[in-house]
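Only one structure is covered here, and it is reproduced in the block below.
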Amino acid sequence: MASPRTVTIVALSIALGLFFVFMGTIKLTPRLSKDAYSEMKRAYKSYAKALPGLKKIGISSVLLRKIIGSLEVGCGVVLTLVPGRPKDVANFLLLLVMLAVLFFHQLVGDPLKRYAHALVFGILLTCRLLIARQTDDRPEREDSREEQQVNDQEKNKVKQS
């Protein structure tokens, strides 16, 4: 039977992955929802206006929206389907995207209800990453315990002789 950590990591990976595939697709195409796509276009125009430095380096609102949408779709697919370390990399990239999105919302002065989803999903990504990293640290602790027991046994042998 799978451990609770494994179940949690798998559940979070699939749920977060599907969410980001969905949200990234909305940013890239109007096929899922024309209203949401139009709202994304409008929002990214305001982000680009608030950051004139982006225009100077050649990043328009359309390019910014497509970059973030593509990152969300790609990392969402990795979180959902790909096993192992790439999930942690995708998780970290999505966490950076969420921080950037929170920055954009704060920059343009959006109310909390406009960016609450980014805050919640940023927290979920952080939790998933912490749980995933915690399972990697555990075997090292067990190895060090075994080494400590072997060392203690050797010291006892030396004391007895």
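- More than 12 heavy atoms of other residues, nucleotides or ligands shown are found within 6.0 angstrom of CZ on Phe19.
- Scored by the side-chain contact (heavy atoms from CB on, under 4.5 Å) test, Val120 finds Leu124 as partners (sequence neighbours excluded).
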* Test Glu72 against Met98 for side-chain contact (heavy atoms from CB on, under 4.5 Å), laying out the working first. => CA-CA 10 Å; Glu72 287 179 354; Met98 287 297 98; 3.8 Å; yes
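- By the side chain to side chain donor-acceptor pair (under 3.5 Å) test, Tyr47 pairs with His105, sequence neighbours left out.
- Other cluster members for Tyr37: none, since no ILVMFWY side-chain heavy atom sits under 4.5 Å from it.
- For the pair Lys87 (side chain) and Leu79 (backbone), a donor-acceptor distance under 3.5 Å is present.
- Between Leu125 and Phe20, the closest side-chain pair of non-hydrogen atoms falls below 4.5 Å.
- Listed by chain and residue number, Glu39 satisfy the salt bridge (charged side-chain N to carboxylate O under 4.0 Å, His left out) test with Arg42 (two or more places apart in sequence, or in another chain).
- A donor-acceptor pair under 3.5 Å links the side-chain atoms of Ser46 to the main chain of Ala43, judged by distance alone.
- Separating the CZ atom in Phe104 from the CG atom in Leu54 is a distance of 6.0 Å, to the nearest 0.5 Å.
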* To do: Check the pair Tyr44, Val62 against side-chain contact (heavy atoms from CB on, under 4.5 Å), reporting the backbone distance first and the verdict last.
  => CA-CA 7 Å; Tyr44 277 86; Val62 174; over 6 Å; no
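- Note that the CG atom of Leu71 and the CG atom of Leu94 stand 7.5 Å from one another [nearest 0.5 Å].
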* Residues Val82, Val77; criterion side-chain contact (heavy atoms from CB on, under 4.5 Å); working and verdict -> CA-CA 7 Å; Val82 178; Val77 167; 5.6 Å; no
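- Note that NZ of Lys55 is 10.0 Å distant from NZ of Lys49, once rounded to the nearest 0.5 Å.
- Applying the side chain to side chain donor-acceptor pair (under 3.5 Å) definition to pairs two or more places apart or across chains, those involving residues 8-26 are Ser13-Arg128.
- Side-chain atoms of Leu51 and Leu107, non-hydrogen and from C-beta on, do get closer than 4.5 Å to each other.
- Annotation: side chain to side chain donor-acceptor pair (under 3.5 Å) contacts of Gln106 (sequence neighbours excluded): Tyr115.
- The closest donor-acceptor contact from the side chain of Arg65 to the backbone of Lys27 lies under 3.5 Å.
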